[in-house]
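Report on one structure; see the data block that follows.
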Amino acid sequence: MGHLQLLDWRRRVFELYREVRGMHDPKDAWELWRGIRGELFVSHPESPIPEEDRKGYRGPFHYEYDPAARTVAGIHPLPSETVEVRGSDGSAYQMTRF
């Protein structure tokens, strides 16, 4: 059951970001993101908040909305590059930047 709950958590978060990106008013988008994210933290089985702490939990802290803090960025493709990354335990694994 844990795998399906994790899949549901991820699906809901991806859907939230899709919806937020499609909204025209940045403040409305931020409020929706904050509200749904807070609900997930309180109610979803895959919440990072321990179940015993959720009853009194009011959701993650957020500063008030500030339009001056908003950043708009573009995304452009980069050439694919595979690099070896070393872990702190000395292990190594491959990552591909794309």
Side-chain angles (χ1 to χ4, degrees):
M1 186 64 114
H3 289 93
L4 293 178
Q5 290 172 339
L6 179 57
L7 181 62
D8 181 64
W9 171 274
R10 294 177 77 177
R11 181 192 58 79
R12 288 184 184 194
V13 170
F14 291 155
E15 176 63 24
L16 172 60
Y17 277 90
R18 185 201 59 75
E19 188 172 353
V20 164
R21 283 191 307 269
M23 295 178 73
H24 295 290
D25 184 316
K27 185 174 182 184
D28 288 346
W30 177 79
E31 288 175 354
L32 177 71
W33 174 81
R34 190 177 82 163
I36 292 179
R37 189 169 171 257
E39 289 173 23
L40 285 170
F41 274 54
V42 171
S43 65
H44 198 279
E46 287 295 320
S47 170
I49 307 305
E51 193 169 347
E52 62 273 9
D53 296 339
R54 293 182 201 166
K55 187 169 183 119
Y57 186 69
R58 297 189 185 275
F61 173 79
H62 296 93
Y63 288 99
E64 291 301 315
Y65 179 76
D66 180 357
R70 182 171 178 245
T71 302
V72 178
I75 298 174
H76 59 278
L78 294 171
S80 179
E81 177 185 355
T82 301
V83 295
E84 183 176 87
V85 178
R86 294 225 170 255
S88 59
D89 64 355
S91 63
Y93 54 95
Q94 301 288 315
M95 292 185 67
T96 303
R97 179 188 78 178
F98 62 94

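Under the 4.5 Å side-chain heavy-atom criterion for ILVMFWY residues, a single connected hydrophobic cluster contains both Y17 and M23. One hydrophobic cluster holds both V83 and Y93 under the rule that ILVMFWY side chains link at heavy-atom gaps under 4.5 Å.
A distance of 13.0 Å separates CG of L16 from CZ of R34, quoted to the nearest 0.5 Å. In this structure, the separation between CD on E19 and CD1 on I36 is 5.5 Å, given to the nearest 0.5 Å. A distance of 11.5 Å separates CE of M95 from CD of E81, quoted to the nearest 0.5 Å. The distance from atom CH2 of W30 to atom CG of D25, rounded to the nearest 0.5 Å, is 12.0 Å.
Between the side chain of R97 and the main chain of P79, a donor-acceptor pair closer than 3.5 Å is present.
Few gaps surround CD on Q94; more than 12 heavy atoms of other groups in view lie less than 6.0 Å from it.
Minimum heavy-atom separation, R54 to V42: CD-O, 3.2 Å. For the pair L40 and S47, the tightest heavy-atom approach, listed with the atom from each and the gap, is O-CB, 3.7 Å. Of all the heavy atoms in G38 and P60, the pair that sits closest is CA-CD, 4.1 Å.
Residues forming a salt bridge (Lys or Arg N to Asp or Glu O under 4.0 Å) with E84 (at least two apart in sequence, or on another chain): R86.
Between Y63 and F61, the ring center distance clears the sub-6.0 Å criterion.
Relative ring orientation between Y57 and F41 is described as parallel, the plane-to-plane angle staying below 30° on a 0-90° scale split at 30° and 60°. Between H62 and W33, the two ring planes are perpendicular [angle over 60°; tilted spans 30° to 60°].
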Subject >> Pair L78-H76, side-chain contact (heavy atoms from CB on, under 4.5 Å): steps then yes or no >> reply: CA-CA 7 Å; L78 294 171; H76 59 278; 4.0 Å; yes
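Under the side chain to side chain donor-acceptor pair (under 3.5 Å) rule, D8 has a single partner from R10, R11, Q5, which is R11.
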